[in-house]
Undergrad: 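The structure is given below, and queries will be raised subsequently.
Letters A, B, ... are given to chains in the order of the sequence lines, protein chains preceding strands, and every chain is numbered from 1.
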Protein chains: 2
Amino acid sequence: MNFSVSEENYIKSIYRLQQQQEVVNTNSLAQELNTRAASVTDMLKKLQLKKLLDYEKYRGFKLNAAGNKIALTIVRRHRLWEYFLVTKLGFEWDKVHAIAEELEHVSSIELIQRLDSFLDHPQTDPHGDPIPDVHGKFTPIKQLNLGEIPEKKSVIVSSVSNQSSEMLELLNHNNIKIGTGLRVIKRFAFDGSIEIKVNKQATCILSEQVSKNIFVYHD
Amino acid sequence: MNFSVSEENYIKSIYRLQQQQEVVNTNSLAQELNTRAASVTDMLKKLQLKKLLDYEKYRGFKLNAAGNKIALTIVRRHRLWEYFLVTKLGFEWDKVHAIAEELEHVSSIELIQRLDSFLDHPQTDPHGDPIPDVHGKFTPIKQLNLGEIPEKKSVIVSSVSNQSSEMLELLNHNNIKIGTGLRVIKRFAFDGSIEIKVNKQATCILSEQVSKNIFVYHD
DNA sequence: CTTTAAATTTAGGTAAACCTAAAAAAATGT
DNA sequence: ACATTTTTTTAGGTTTACCTAAATTTAAAG
Ligand SMILES: [Mn+2]
Ligand SMILES: [Mn+2]
Ligand SMILES: [Mn+2]
Ligand SMILES: [Mn+2]
């Protein structure tokens, strides 16, 4: 089947919200998509008619198996394009999302296959999020929150949940990116801030607000 | 200003038709866009309102300076993407047009600037058509038709006006592509066919139908 | 168990981009 | 010049994806 840009955006947003809430509700989807609840209801009916959605009036909704598969192909396209934009065209990570939001709707299957080969089958996008393969499969890295790593433990940055320019600026300043090795030196109970060593070199202090947005895995 | 996918497709098609006819008429545009005359009239009013078009009811229409500029940026995007698809992703030339037809509508200006740099500022697309620069300027190669090159003259293939798979197959078979050197050995008055030497090596016979679609410049 | 508040859906409407059929204008043939 | 054909426009629909405002359902509070 073939989907409109709007349908694809709805599907992807529902998928995203499902990572947090088992069942999605109308208002949160409306907020996510910058639209109104009434518009969401319209689209829900359409997606249900196309058999991508489990939906009961007033009770919330979620993607069924078919819907999930579609969502994963869109996520795959989005993240491959983001990877392309950063590694080949030299964009900073905070600039790629909006562009990938458009590119992800280009529908050629062969295009994505070839792009994937050209990029050497990357496993994660510039924000550390996993890229599903052609069949929608991916290995979710088990994410530990830097805010909860105890002192003296060494970890590697796997992803960052806040992908704003401000966050990027802060991380760049401290030479932290996806794949960087960190060691928690000291935790300050007073404000939740932590002192860390970056790549076995410089140390720096991160506020709790920052460390909560950084996800890591064990060394 | 910002244009819809539909508006951009109309603008580009009008531009294309203007290369052949000074003033464009409703029916030919409808045919070009696979739509109906009434739909074209609707869009003409809109483009006129947006001041991109010189248009007088029943009298035909053409892009004004502003419209032309827009057209050239869309052509630029289209051809850069085609070049990317062929040189980086390894597509054959007959497969890229439809995909570029979608990619050309991705609106980021920085994307196209960076893509252009990444590709090393190519001058022509895979079909030999010139790629306009950021300001819409390009040097139109003066096109000679292979069907009119006299015997014993050597030329270089600059573009091919029929970009079908069938044409590609025939050219591939004879090792002819953009940039290939050709020498006209003999012209046969009987059917307009010509014997040519390809890259100073093998010779082959091209029908008039084929040679008319190949454009060349002097060695 | 009501009453009130919040979430969701329905009703009815708009704009973009299409369409068919009919009317109007321009071009053509004799 | 006038009738006929062709081209183009207008009139009036449709579909998609939005919207606001009102009605309905569910959840929360007293
Ligand atoms: Mn999108
Ligand atoms: Mn991402
Ligand atoms: Mn297009
Ligand atoms: Mn081309």
Undergrad: Partners of A:Phe84 by ring pair (Phe, Tyr, Trp, His ring centres under 6.0 Å), sequence neighbours excluded?
TA: A:Trp81, B:Phe84

Undergrad: Given 3.5 Å as the limit, does a donor-acceptor pair link the side chain of A:Gln18 with the main chain of A:Val24, or not?
TA: no

Undergrad: May I ask you to say whether A:Lys212 pairs ionically with A:Glu148, meaning some side-chain N is under 4.0 Å from a carboxylate O?
TA: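 No, no charged N to carboxylate O under 4.0 Å.
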
Undergrad: Pick from A:Leu146, A:Leu182, A:Ile205: which one makes a side-chain contact (heavy atoms from CB on, under 4.5 Å) with A:Ser211?
TA: A:Leu146

Undergrad: Nearest whole Å is fine: how far is C:dA16 P from B:Met43 CE?
TA: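 B:Met43 atom CE is separated from C:dA16 atom P by 10 Å.
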
Undergrad: Between A:Gln31 (CD) and C:dA6 (P), how many Å, whole number?
TA: 16 Å

Undergrad: At less than 4.0 Å, is any side-chain N or O atom of A:Arg59 found next to OP1 or OP2 of D:dA27? Yes or no.
TA: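 Yes, within the criterion.
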
Undergrad: How long is the line joining CZ of B:Phe61 and P of D:dT8, in whole Å?
TA: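 The distance from CZ of B:Phe61 to P of D:dT8 comes to 8 Å, rounded to the nearest Å.
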
Undergrad: Starting at CG of B:Asn27 and ending at C1' of C:dA27, how long is that distance when rounded to a whole Å?
TA: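 About 13 Å, once rounded to whole Å.
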
Undergrad: B:Arg36 CZ to D:dT14 P: how many Å, rounded?
TA: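 In whole Å, D:dT14 P lies 18 Å from B:Arg36 CZ.
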
Undergrad: Distances under 3.5 Å only, N/O to N/O: pair up the protein atoms with those of nucleotides 10-15 of chain C.
TA:
residue : atom : partner : partner atom : Å
C:dT10  : OP1  : A:Lys57 : NZ           : 2.5
C:dT10  : OP2  : A:Lys45 : NZ           : 2.9

Undergrad: What closest approach, in Å, do B:Arg114 and A:Leu89 show between heavy atoms, and which atom pair accounts for it?
TA: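 Here B:Arg114 and A:Leu89 meet closest at NH1-O, 2.8 Å.
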
Undergrad: Quick one: is C:dC18 close enough that its OP1 or OP2 comes under 4.0 Å of any side-chain N or O from B:Thr35?
TA: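 Checking C:dC18 against B:Thr35, no side-chain N or O comes under 4.0 Å of OP1 or OP2.
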
Undergrad: Please report, rounded to the nearest Å, how far the P atom of D:dT7 is from the CG atom of B:Leu44.
TA: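 To the nearest whole Å, that distance equals 16 Å.
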
Undergrad: B:Met167 versus B:Leu171: any side-chain heavy-atom pair under 4.5 Å?
TA: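 Side chain of B:Met167 against side chain of B:Leu171, heavy atoms only: contact under 4.5 Å found.
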
Undergrad: Suppose we screen for salt bridge (Lys or Arg N to Asp or Glu O under 4.0 Å). Which residues come up paired with B:Glu104, at least two apart in sequence or across chains?
TA: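 Listed in chain order: B:Lys12.
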
Undergrad: Carefully, step by step, assess B:Asp42 and B:Ser39 under the rule side chain to side chain donor-acceptor pair (under 3.5 Å).
TA: CA-CA 5 Å; B:Asp42 283 352; B:Ser39 309; 5.6 Å; no

Undergrad: Should the heavy atoms of other residues, nucleotides or ligands under 6.0 Å from CD of A:Gln209 be counted, would the total exceed 12?
TA: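 Atom CD in A:Gln209 is not packed in, count stays at 12 or less.
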
Undergrad: Determine whether more than 12 heavy atoms belonging to other residues, nucleotides or ligands lie under 6.0 Å from atom CD of A:Glu110.
TA: yes

Undergrad: Quickly work out the B:Lys50 NZ to C:dA16 C1' distance and round it to whole Å.
TA: 10 Å

Undergrad: Of all of residues 6-26 of chain A, which get a heavy atom below 4.0 angstrom from DNA chain C, listed by number?
TA: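 Of all residues in residues 6-26 of chain A, the ones placing a heavy atom under 4.0 Å from DNA chain C are A:Asn25, A:Thr26.
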
Undergrad: Between N or O atoms, less than 3.5 Å apart, protein on one side and nucleotides 1-5 of chain C on the other: list the pairs.
TA:
none

Undergrad: Once you round it to whole Å, what is the distance between C1' of C:dT9 and CD of A:Glu56?
TA: 15 Å

Undergrad: Could you pull out all residues at least two apart from B:Gln163 that satisfy side chain to side chain contact (heavy atoms under 4.5 Å, CB included)?
TA: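 Partners of B:Gln163 by the side chain to side chain contact (heavy atoms under 4.5 Å, CB included) criterion, ordered by chain and then number, come out as B:His127, B:Asp129.
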
